[in-house]
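Since the structure is predicted, the reported quantities are computational estimates derived from the model, not experimental observations.
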Amino acid sequence: MRYSDRKKLILTIVFAVVAVVLLWILYGGEHKEGSASPGVILYTADGERVKTLDPVLASDLASSNIVTTVFDTLLQYDYIKRPYILKPSMLETMPEVKDNYKRYIFTLRDDLYFHPDRCFGDNDLEDRRVTSDDVIFSILRLADARLHSSAYWLVRGKIAGIDNFRTMTLDASEDDYSVYDVEIAGLRKLNDRQFEICLEQPDPRFLYILAMPGSAVVSRKAVEYYGDGFAENPVGSGPFMLKEWLRDHHIIFDRYPDFREEYFPEAEKESDRTRKLPLADRLVCYSIRQPLTCWMLFLQGKLDISRLDKDNLDVVLSKSGTIAPALIARGIELMRQPGFEIQYIGYNFDDAKLGKNIALRRAINLAFNLDSRIAHSNQQMAPAPGPLPPGVAGFDPEMQNKYNRYDVEAAKEQMILAGYPDGIDPETGAPLKLTFDLNGNSPMHRQLGEMMAGDLKKIGIELEYRLNNSPRFFQKLRQSEMQLFRLSWAGDYPDAENFLQLFYSGNAGGSNRVNFRDAEFDRMFETILPMADSPERTAIYKKMVALLMEKQPWIFESYPIRFRLKYPWMQNYRECDFDFVRWKYLSCDPDMRRKMVKEFKPLSFSELNAE
């Protein structure tokens, strides 16, 4: 197949730069496999810079995904089961629920120890034991105003008295930890292994918070010892210990031999099913921001898994969605997964033209050509029929959204009902004018703006698209200065409530970016809040989804699709919406890697290209 000029240019530049980059990465002081610690070593590169290893400061995705190598959480998501379920992690059993989900009693396992570190002096095992005091300290850190944790929302207004604790920290000096000794009503130590959390209101979803990276348990002794340096000297009880961190280059973690007793009976390798977690002896995580550089490293067998972005996909993925035969011959597996995220076009309900004119919103929906955008993204999007992603109760793959289809003639009929026949605004006698804001000013954002303008031109609407930097975009959003805009929402936990709250009137001006208000929807939302998972709750979720499909507060656009390539020697990799879950389960076959890489032959451009 002939390469386009664009592909040739990209690949020429990449090969010129990659030679230098590879030398930097492979010979920049990093160990060579076989010359350092023997055992199972995994090599990854997700492309984003890790900013911190302090759980409460890990606001970016790369940092929050990596902190669970070092730190453990009270609860965890089951790595295999879907829909997602919670199970004990640092706990002996699931928490005891009291007072209709307002009060929870927890019991820690008796085999929890923090990593050896100089902050523990002689490193006696008992001195490193994780206790209820450490858990309470870790939860309170989320609310410490001096830390400016973006994860404060996890507990704000939820745990009784925690907002008062935050107020106390405002007046405390940076190194004053005495505020943590003031007992608050919602966090009560029962003994060294038992503690109680009391909420302001019943909340059956609260336990999801205790499986999130921001709530991971840290050592109070280590935090006080290192102070501001704790983020670079993380001391946790998780499956791995930090060995080396060269910022913007790599992070290395080594297996923690005293990690609590846990096994993975579903492991691919039979002997791993009875091996205590973690299964890998070392993780080497590179910080490589250029996706094509990661791709070249992957082709050489220097990475066990590689993510694919649009430029990679242009070369590697065929129109039918397959990879090149030369890659298949290497045993490389292509994995696709819809993100736990909804991409949408929002209508500002405070806008005089859009908010009260349901026919106009329906017309725009019907004129929206999603298939052209999916093709433009090289299949990195999948249609979203409604506000929920797959994997949560209330999602129904059979549910049809009659306005989420491309039908220009039907859109023109809705324009007549909206009072704008042929797109003409009766107040001006000219085409109806609308604006469309995007969060970014890249060529991709410009193309999306042009596509939207082209779609609406077919029904007579004159659309002005506006490219914004992120601060300006969100400023305009807060001030309700937009008519249409494109945004997304990534789920925090696998419950439909986390997505449906985006339409609750009480969240207007906040997470309800479109300022949608509907009394019937609000009534149902308030009904499900205190409800635990049940068929009755799921039935209400479905009614809420049906109402939103009828009222059309969004163009329910798409789920992002992420693509990864994996070598056959990497074991136990499962697609999971919560990347922070998988580290302790991953393994590989070093002998297979060595043998296969030794037999690799350089691939030509034409061999890499999928027809």
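Side-chain polar atoms of Glu261 and Tyr263 form a donor-acceptor pair below 3.5 angstrom. For the residue pair Asp577 / Gln337, a side-chain donor-acceptor distance below 3.5 Å is found, with atom types taken as modelled. For Lys584 and Gln76, the side-chain atoms include at least one donor-acceptor pair closer than 3.5 Å. A donor atom on one side chain and an acceptor atom on the other are not found under 3.5 Å apart for Tyr104 and Asp99.
The existence of a salt bridge linking Arg128 and Asp124 is excluded, since no basic side-chain nitrogen approaches an acidic carboxylate oxygen closer than 4.0 Å. The pair Asp304-Arg593 meets the salt-bridge criterion, since a charged nitrogen lies less than 4.0 angstrom from a carboxylate oxygen. Comment: Arg129 engages Glu126 in a salt bridge, judged by a side-chain N to carboxylate O separation of less than 4.0 angstrom. At a threshold of 4.0 Å, the pair Asp54-Arg141 counts as salt-bridged, since one of the basic side-chain nitrogens sits closer than that to a carboxylate oxygen. Between Glu174 and Arg146, no side-chain nitrogen of the basic residue sits less than 4.0 Å from a carboxylate oxygen of the acidic one, so the salt-bridge criterion is not met. Salt-bridge formation is not detected for the pair Asp144/Arg166: no Lys NZ or Arg NE/NH1/NH2 atom is positioned less than 4.0 Å from an Asp or Glu carboxylate oxygen. Using a cut-off of 4.0 Å between Lys/Arg side-chain N and Asp/Glu carboxylate O, Arg260 and Asp111 are scored as not salt-bridged. Between Arg247 and Glu232, at least one side-chain nitrogen of the basic residue sits less than 4.0 Å from a carboxylate oxygen of the acidic one, meeting the salt-bridge criterion. Taking the charged nitrogens against the carboxylate oxygens, Glu575 and Arg336 have no contact shorter than 4.0 Å, which rules out a salt bridge. A salt bridge does not link Lys189 to Asp181: none of the charged nitrogens lies less than 4.0 Å from a carboxylate oxygen. Here Arg109 does not pair with Glu92 in a salt bridge; the nearest charged N to carboxylate O distance is not below 4.0 Å.
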Please lay out, stage by stage, how Arg574 and Glu268 fare under the test salt bridge (charged side-chain N to carboxylate O under 4.0 Å, His left out).
-> CA-CA 11 Å; Arg574 303 287 193 277; Glu268 294 174 27; 3.6 Å; yes
Audit row: Arg49, Asp60, salt bridge (charged side-chain N to carboxylate O under 4.0 Å, His left out) steps and yes/no = CA-CA 9 Å; Arg49 176 177 178 265; Asp60 61 291; over 6 Å; no
Derivation and outcome, salt bridge (charged side-chain N to carboxylate O under 4.0 Å, His left out), residues Arg103 and Glu196 | CA-CA 7 Å; Arg103 191 161 56 93; Glu196 177 185 87; 2.7 Å; yes
Could you walk me through whether Arg562 and Asp579 pass salt bridge (charged side-chain N to carboxylate O under 4.0 Å, His left out), step by step?
-> CA-CA 12 Å; Arg562 63 181 184 184; Asp579 285 338; 3.0 Å; yes
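Ring orientation note: the planes of Phe137 and Tyr180 are tilted relative to one another, at an angle of 30° to 60°. Relative orientation of the Phe578 and Tyr84 rings is perpendicular, given thresholds of 30° and 60° on the angle between their planes. Below 30°, between 30° and 60°, or above 60°: for Phe499 and Phe340 the angle between ring planes is above 60°, a perpendicular geometry.
Nearest approach of Phe106 to Leu91, heavy atoms of both residues: CD2-CD1, 3.6 Å. When every heavy atom of Tyr43 is checked against every heavy atom of Lys302, the shortest pair comes out as CB-O, 3.4 Å. In this structure, Met90 and Val217 approach most closely via the heavy-atom pair SD-CG2, 3.7 Å. Summarising the geometry of Ser511 relative to Gln501, their closest heavy-atom pair is OG-OE1, 2.7 Å, with the distance given to 0.1 Å.
In summary, the aromatic rings of Tyr585 and Phe264 are positioned with their centroids under 6.0 Å apart. Checked against the 6.0 Å centroid threshold, Tyr567 and Phe600 count as a close aromatic pair. Between Tyr225 and Phe230, the gap from one ring centroid to the other reaches at least 6.0 Å.
A donor-acceptor pair under 3.5 Å links the side-chain atoms of Ser132 to the main chain of Gln194, judged by distance alone. Under a 3.5 Å cut-off, the side chain of Arg564 and the backbone N or O of Leu308 do not form any donor-acceptor pair. Side-chain N or O atoms of Asp495 include none that pairs as donor or acceptor with a backbone N or O of Asn498 at under 3.5 Å. Remark: side-chain polar atoms of Ser89 are paired, donor with acceptor, to backbone N or O of Thr73 under 3.5 angstrom.
Side chains of Ile159 and Phe206 form a contact here, defined as non-hydrogen atoms less than 4.5 Å apart. Taking 4.5 Å as the limit, some side-chain heavy atom of Phe259 sits within range of a side-chain heavy atom of Asp72. Counting only heavy atoms from C-beta outward, the side chains of Tyr208 and Pro494 approach each other to under 4.5 Å.
From Ile197, atom CD1 reaches atom NZ of Lys158 across 12.0 Å, with rounding to the nearest 0.5 Å. A distance of 10.5 Å separates OG1 in Thr274 from NZ in Lys269, rounded to the nearest 0.5 Å. With rounding to the nearest 0.5 Å, the separation of CD1 in Ile66 from OG1 in Thr44 is 6.0 Å. Atom CG of Leu86 sits about 12.0 Å away from atom NZ of Lys81, to the nearest 0.5 Å. Separating the CE atom in Met241 from the CZ atom in Phe253 is a distance of 11.5 Å, to the nearest 0.5 Å. To the nearest 0.5 Å, atom NZ of residue Lys595 and atom CG of residue Asp589 are 10.5 Å apart.
A cation-pi contact links Arg156 to Tyr152, judged by a cut-off of 6.0 Å to the six-membered ring centre and 45° from its axis.
Heavy-atom neighbours of Glu224 CD from other residues, nucleotides or ligands within 6.0 Å: above the threshold of 12.
The residue from Leu42, Asp254, Val40 that alone fulfils the side-chain contact (heavy atoms from CB on, under 4.5 Å) condition with Arg282 is Asp254.
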